[in-house]
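In what follows, a structure is listed as C-alpha cells, so that the remarks can point back to it.
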Amino acid sequence: MTTAVMNTKDTAGETTVVEVSVGERWFTVCAYDALVPGRGVAALVDGRQIALYRDRTGAVHAVGNRDPFSGAHVISRGLLGSRDGVPVVLSPMYKQAFDLRTGACLDEEEAPDGTPAALPVWPVRTTNAPVGSAS
Amino acid sequence: MTETPKTPRNLVLVGHGMVGQRFLEAFAERGGCGPAGDWHVTVLAEEPRPAYDRVHLTSWFSGTTADELSMWDDEFGVQHGIDLRLGDPAEKIDRAARTVTARSGQVFPYDALVLATGSYPFVPPVPGHDAAGCFVYRTIEDLEAIRAAADNARIGAVVGGGLLGLEAAGALRAMGLDTHVVEFAPRLMALQVDEGGGAVLRDKIQELGVTVHTGAGTQTVETDADGAVRGMVLSNGATVDADLVVFSAGVRPRDQLARECGLPVGERGGIVVDASCRTEDPAVWAIGECALACDGRVYGLVAPGYAMAETAATQITVAEGEFTGADLSTKLKLLGVDVASFGDAQGTTEGSLEVLYANSREGVYKKLVIGTDGALLGGVLVGDTDSYDLLRPLALNGAPLTAPPEQLVLPSSIGAAPGPIALPDEAVVCSCHNVTKGAIRSAVADQGCADVPAVKKCTRAGTGCGSCVKLLGTLVGEELAAQGVEVSRGLCEHFTHTRAEIYEIVRVKGITTFAQLIDEHGRSGTGAEGCEVCKPVVGSVLASLSPALGDAVSGHILDGEQAALQDTNDHFLANLQRNGSYSVVPRIPGGEVTPDGLITIGEIARDFGLYTKITGGQRIDMFGASVDQLPAIWKRLVDAGFESGHAYGKSLRTVKSCVGQTWCRYGVQDSVALAIELELRYRGLRAPHKLKSAVSGCARECAEAQSKDFGIIATSAGWNLYVGGNGGMTPRHADLLLVDADRDALLRTIDRFLMFYVRTADRLERTAPWIERMEGGLDHLRAVIVDDSLGICDELDELMSRHVDSYEDEWRATLEDPDRLSRFVSFVNAPGTPDPTIRFVPEREQIRPADPEAHDTSDASAQTFVAGPSLEVRTLV
Ligand code: SRM
Ligand SMILES: Cc1cc2nc3c(=O)[nH]c(=O)nc-3n(C[C@H](O)[C@H](O)[C@H](O)COP(=O)(O)OP(=O)(O)OC[C@H]3O[C@@H](n4cnc5c(N)ncnc54)[C@H](O)[C@@H]3O)c2cc1C
Ligand code: SF4
Ligand code: FES
C-alpha cells in the first residue's frame with residue numbers, strides 16, 4: 001500500500017510520522033525522516049514484521065518482511081527499483097522482484113514450500129504528530 | 001450424421017530411458033497420442049524413476065540432484081494420456097497374441113510395440129568380479145552405491161579407459177580416492193582418439209592424479225577374508241591395490257526380450273531393424289542402444305538414439321522417415337581435460353590426408369582429417385577443444401573448407417588468427433536434435449526469436465548435451481545483426497549504456513549522484529527509480545571514481561544517496577547468510593596473522609557465539625551475527641587493529657601467499673612480504689567484480705597464483721606476473737604478462753592493469769572473461785598497459801595513486817559516525833531487539849542456522865536459541 005506524502009517538513013513542535021494499519025488499527029512506526037529514499041527498514045508491529053520504504057518520489061510502502069523463498073525476514077534490506085514501470089522491492093536473498101502495491105512476486109508464482117509467492121501489504125499513511133511521539 | 005468413435009490403438013513402450021522419453025515427445029508432437037491422437041500409450045519402465053539425463057549422470061556427484069536430471073514432467077504425461085509404470089519391467093513378449101507381460105503379472109495388448117531397453121554394462125567374467133566393492137556405472141542407483149562405498153574406501157580402480165571409464169575415474173578422484181584406470185587397449189579412449197592424441201590425453205589424466213595402466217587387462221579381482229575387494233591382478237602380472245572397483249568395460253545391447261520372442265538379433269547383439277527402425281515383425285520397433293541399425297552398427301551415444309526415436313515416431317504416425325546412420329562425435333565432460341573427436345576421426349576414408357598440430361609442452365594435440373576434395377572429414381582435439389563447436393558441423397556437412405586447414409589447428413597466438421569461417425546453411429549445428437544452421441537462422445528471421453532461449457525453445461537446439469550452445473549464441477547474434485536488430489548491450493531497462501560507458505560518462509561529466517545520472521542519461525527520463533542491476537553498478541562506479549571526483553562524492557559507501565544503491569552486503573558491510581544473519585571477515589593480509597591476532601578473533605567469536613571457519617581465501621570467517629551485533633563485533637575488531645576484509649564488496653578480496661623464502665627451503669623471494677604489500681595497496685578498490693590475487697615464492701606455486709585475477713610467481717631474478725586467471729565456475733589459467741620484473745615495474749603494471757579493468761569491464765565481468773573478450777587479447781592488453789599505446793597510462797597511474805592515498809577503513813569510519821551506525825538495528829521501532837526469527841541449533845560444538853520456521857530437530861524448542869550460546873552484554877554508546 002502506498003501513500004503520497006505532501007508535507008515532510010516539521011511544523012511548529014510537530015514532526016511527520018509514518019503509520020501502518022494492522023488489524024484495523026493505525027500504529028505509529030517511525031519518523032518519516034528515518035526513512036532513506038530507496039532503502040527500507042523493518043518494524044515490529046503487533047507482533048508482525050513489516051518492511052517499510054520510501055521511494056524517490058517520497059511515497060511510502062509497507063509489505064511483509066518475510067522472504068517467501070528463503071523464509072528469512074530480510075525483505076526490508078532489499079533494493080527498491082522499477083520493473084516495466086511497476087515499483088518493486090528486490091529480495092536481497094535470491095533477487096526476486098515483488099510489486100510494492102500488491103505484494104505479488106513478478107518472477108515466480110510459488111515459493112518452494114508450495115505457497116503463493118506474495119508478500120502481505122498494509123495501508124500506510126503519514127501524519128503530523130508531536131515531536132517525540134515516534135520512538 | 002454420426003461418426004463411429006475411434007477405438008484407440010495401443011502402443012506399448014518398453015524402457016523409459018533417454019531414447020524412450022524422446023520417442024514419447026516426438027510421438028506426442030506428431031499427434032500420435034493426446035487429446036486428438038489415435039493411440040493409447042503404456043510405458044513399462046524397469047528403473048524406479050522416470051527417464052533422466054544419463055549423459056550428465058556424473059554431475060550427480062558434484063551436486064546435481066536426481067530431480068534436476070529428470071527429463072519427465074507429470075503434466076506432459078497427463079496431457080498425452082501416457083500410462084507410465086515405474087519399476088515394472090516387461091518380462092515376456094507374445095508376438096502371436098500381440099501382448100507384453102510385465103513383472104507385476106499384468107498383460108498389455110499392443111498394436112505397436114517399441115523396444116527402447118538400452119544397454120547393460122559389460123562386466124568381464126574374471127574371478128572375483130562380483131565381490132563386495134565391485135560396481136558398474138549406469139544408473140543413479142549405481143552412483144548412490146559407489147558414493148556410499150567411497151566413504152570407507154581409499155583406493156579406487158576403474159576397469160576400462162574409454163569415455164565412461166574416464167568419467168568414472170574423474171568422479172572417484174573428486175571423492176578423494178587414489179585412482180587407477182586399467183585399459184586393455186594400448187591407449188585411452190581408443191575408439192575416439194588416435195595414438196598421438198592418446199599420449200597427450202594420458203598426460204592430462206595423470207596430471208589429475210589418476211594412475212593409468214594401458215595395454216593391460218584385469219585377470220582377477222582379489223578379495224579379503226570377508227569377500228570384499230582388496231585389489232586386482234593384471235594380465236601383465238602387475239598388481240593394483242584397491243578397495244573399490246568400477247567396471248566400465250563397454251556396454252552390450254539389452255536384446256533379451258527380442259531374442260526370446262524370436263526376433264533376429266545381430267551376431268554381437270542388438271535387435272535387427274531396418275531404415276524405418278522396424279524389426280522383422282511389422283508391429284515391433286527397436287530404438288536407441290538396444291537396436292542394431294541398418295548400417296550394421298549399435299550406437300552407444302544419445303544423438304543417434306534420438307534420431308531413431310524421431311524416425312520411429314514419424315513412421316508410426318505418418319509412415320515416413322528413415323534412419324540410416326548418425327554422427328559419432330563426442331566430447332569428454334571431465335574437468336580440466338578437453339578431449340573431442342568428430343566425424344572420421346581415425347582417418348579411415350581412402351586418400352584422406354592429415355593436418356596435425358602437437359605441442360607436448362602445452363599438452364595440446366589437434367588433428368584434422370581432410371578429404372581429397374579438400375573437405376573436412378573429421379578430427380581429434382586434445383587439450384584445446386574450443387574449435388569443436390565449429391569443426392563438427394563443418395565435418396558433418398562435408399563441403400570443401402573455405403580456409404586453409406592449418407589455420408584451424410594453429411593456436412591463435414601463432415600466425416594469423418583464424419578468420420571468420422562461414423558455415424553453410426545445411427551444416428548441422430546441434431546434432432542431438434539435428435538442427436541446421438538454416439533452421440536457426442529461420443527461427444530468428446521468420447519466427448521472431450530474439451534471443452538464445454527463444455531459439456532453444458523453438459528449435460530444441462542446445463537442449464541435449466549442450467555442447468553446441470556457444471556456437472548457437474554466435475549464430476543467433478549474427479543473424480540478429482543481419483536482420484538489423486540492434487542487440488541491446490545496455491545494462492538494464494533504465495540504461496542503454498554498458499558499464500564501461502557509464503564509467504566514462506561519470507568520469508568525463510563529473511556526475512556525482514545516481515539521481516543526476518538516471519535523470520540525465522537514463523532511458524525513461526527524470527524521476528525513474530532504477531533497479532537492482534543499475535543501482536549497484538553506479539554505486540560501484542561512483543566509489544571507484546570518488547577519489548578523482550573529489551569532495552562532491554563521499555568516499556564512504558554508506559553515505560547519502562550512495563547508501564540506497566548498495567546491495568544488502570555492502571549496505572551492512574557484511575555478507576548476508578541464508579537465515580538473515582551476517583558473516584564477518586576481517587582482513588588478514590597475505591594470510592599472515594599473529595598468535596595474539598588469532599586469540600583476539602577467537603575471543604570475539606566466543607563472546608558473540610559466532611560460528612568460525614577458515615575460508616578458502618586464507619582468513620577467518622565468523623558467521624551468525626545479527627545486524628544489531630555487527631557494530632559491537634567490529635568495534636572490538638577495530639580496537640584490536642583489524643579492518644574490513646571487504647568480503648562483501650566487488651573489490652579486492654585477498655592476496656594469498658605461500659610461506660616463501662623466509663622459511664621454505666625452495667623459496668627464492670619473500671612472497672609473504674609482497675603479498676602483504678599488494679593487499680594493502682589495493683584494498684578497498686571498487687571494481688566491476690571481485691578481485692583476487694596470490695604470490696608464490698617459487699615455481700612450485702603453492703599459492704595457486706595462476707588461478708587469480710593477478711598472480712605473481714617469484715623467480716631468482718624477480719617476479720613473473722600472470723593476469724586473467726579464475727577459479728570458480730569457469731576456471732582459467734592466467735596469462736604470463738611480465739617476466740623477471742622488479743618490484744617497481746611489477747606494481748606499476750598491476751596498477752594499470754587494475755585501473756584499465758575498472759574502467760572498461762562489464763558489470764560482474766571478472767578479469768578472465770574481460771581479457772577473453774578484448775579484441776587483440778593479451779597482446780592488446782600488453783600494448784595498452786606496458787607500451788602505453790593509447791596514451792592513457794599517466795591517467796591510470798594517477799587514478800591508482802589517488803585510490804591508494806584516499807583509502808580509509810570502512811568499518812572504522814562507520815563506527816565513528818552515529819548516523820552511519822543508526823541503520824544497524826533489526827527494527828526501526830524497537831532498537832536493541834534482535835530479529836526473533838533468526839535461530840540457531842548446535843552442531844559439532846558450534847552453531848548453525850535452524851531450518852526456516854524452526855522444526856529442525858524433534859526437540860527444536862529446547863535446542864534453538866536466538867543468538868550464540870553466550871551473548872555479548874555490552875552495548876555501544
Ligand atoms: C567464505 C568462502 C567459502 C569458505 O568458507 O571458504 C566463500 C564464500 C562465498 N563465495 Fe566464494 N568463497 C570463498 C572463496 C572462494 C574461492 C577461493 C579463493 O578465493 O581462493 C573461489 C575461487 C576463486 C575465484 O574466485 O576465482 C570462490 C569463488 C566464488 C564464486 C565464483 C566466481 C567466478 O568467477 O566464477 C562466487 C560467485 C560469484 O562471485 O558470482 C562466489 C561467491 C561466494 C559467496 C559470496 C556466495 C554468496 O553470495 O553468498 C559466499 C559468501 C559467503 C560469506 O557470507 O562470507 N565464490 N570463492 C571463501 C571466502 C574467501 C575469503 O576469505 O574471502
Ligand atoms: C556416465 C555416462 C555418460 C555418458 N555420456 C555420454 C555422452 O557424453 N554422449 C553421448 O552421446 N552418450 C553418452 N552416454 C550414453 C547415453 O547415456 C546413452 O546413449 C543413452 O542413454 C541411450 O538411451 P537409451 O534410451 O537407448 O538407453 P537407456 O538410457 O539405458 O534407457 C533404457 C532403459 O530401459 C530400461 N529397461 C531395460 N530393459 C527393460 C525391460 N525389460 N522393461 C522395462 N524397462 C527396461 C532400463 O532400465 C533403462 O531405464 C553416457 C552414458 C553414461 C552411463
Ligand atoms: S561458499 Fe562458495 S562454494 Fe560454498 S556454497 Fe557458498 S558459494 Fe557455494
Ligand atoms: S549438440 Fe547436443 S545439444 Fe546441441
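Note on naming: letters A, B, ... go to the chains in the order of the sequence lines (proteins, then strands), and numbering restarts at 1 for each one. Treat the numbers as computed from the prediction; the structure is a model and nothing was measured.
The contact between A:Asp84 and chain B is made by backbone and side chain atoms together, counting heavy-atom distances below 4.5 Å. Heavy-atom distances place the side chain of A:Leu90, and not its backbone, under 4.5 Å from chain B. With a 4.5 Å cut-off on non-hydrogen atoms, B:Glu532 touches chain A through its backbone and its side chain both. For chain A, the nearby part of B:Thr833 is the side chain; its heavy atoms alone come within less than 4.5 Å. In this structure, chain A has no heavy atom under 4.5 Å from any part of B:Val825.
When each of A:Asp113, A:Val41, A:Asn65 is scored by its heavy-atom pairs under 4.5 Å with chain B, the top score falls to A:Val41. Put simply, of A:Gly38, A:Pro92, A:Ala43, the one with the most heavy-atom pairs under 4.5 Å next to chain B is A:Ala43.
Between the side chains of B:Ser581 and B:Asn579, at least one donor N or O lies within less than 3.5 Å of an accepting N or O. A donor atom on one side chain and an acceptor atom on the other are found under 3.5 Å apart for B:Thr837 and A:His73. Between the side chains of B:Glu810 and B:Tyr648, at least one donor N or O lies within less than 3.5 Å of an accepting N or O.
The two residues B:Ala625 and B:Val584 come nearest to each other via the heavy atoms CB-CG2, 4.4 Å.
Note: B:Phe572 and B:Trp634 fail the aromatic proximity criterion, with ring centroids not under 6.0 Å apart.
Between A:Val121 and A:Thr102, every side-chain heavy-atom pair lies at or beyond the 4.5 Å cut-off.
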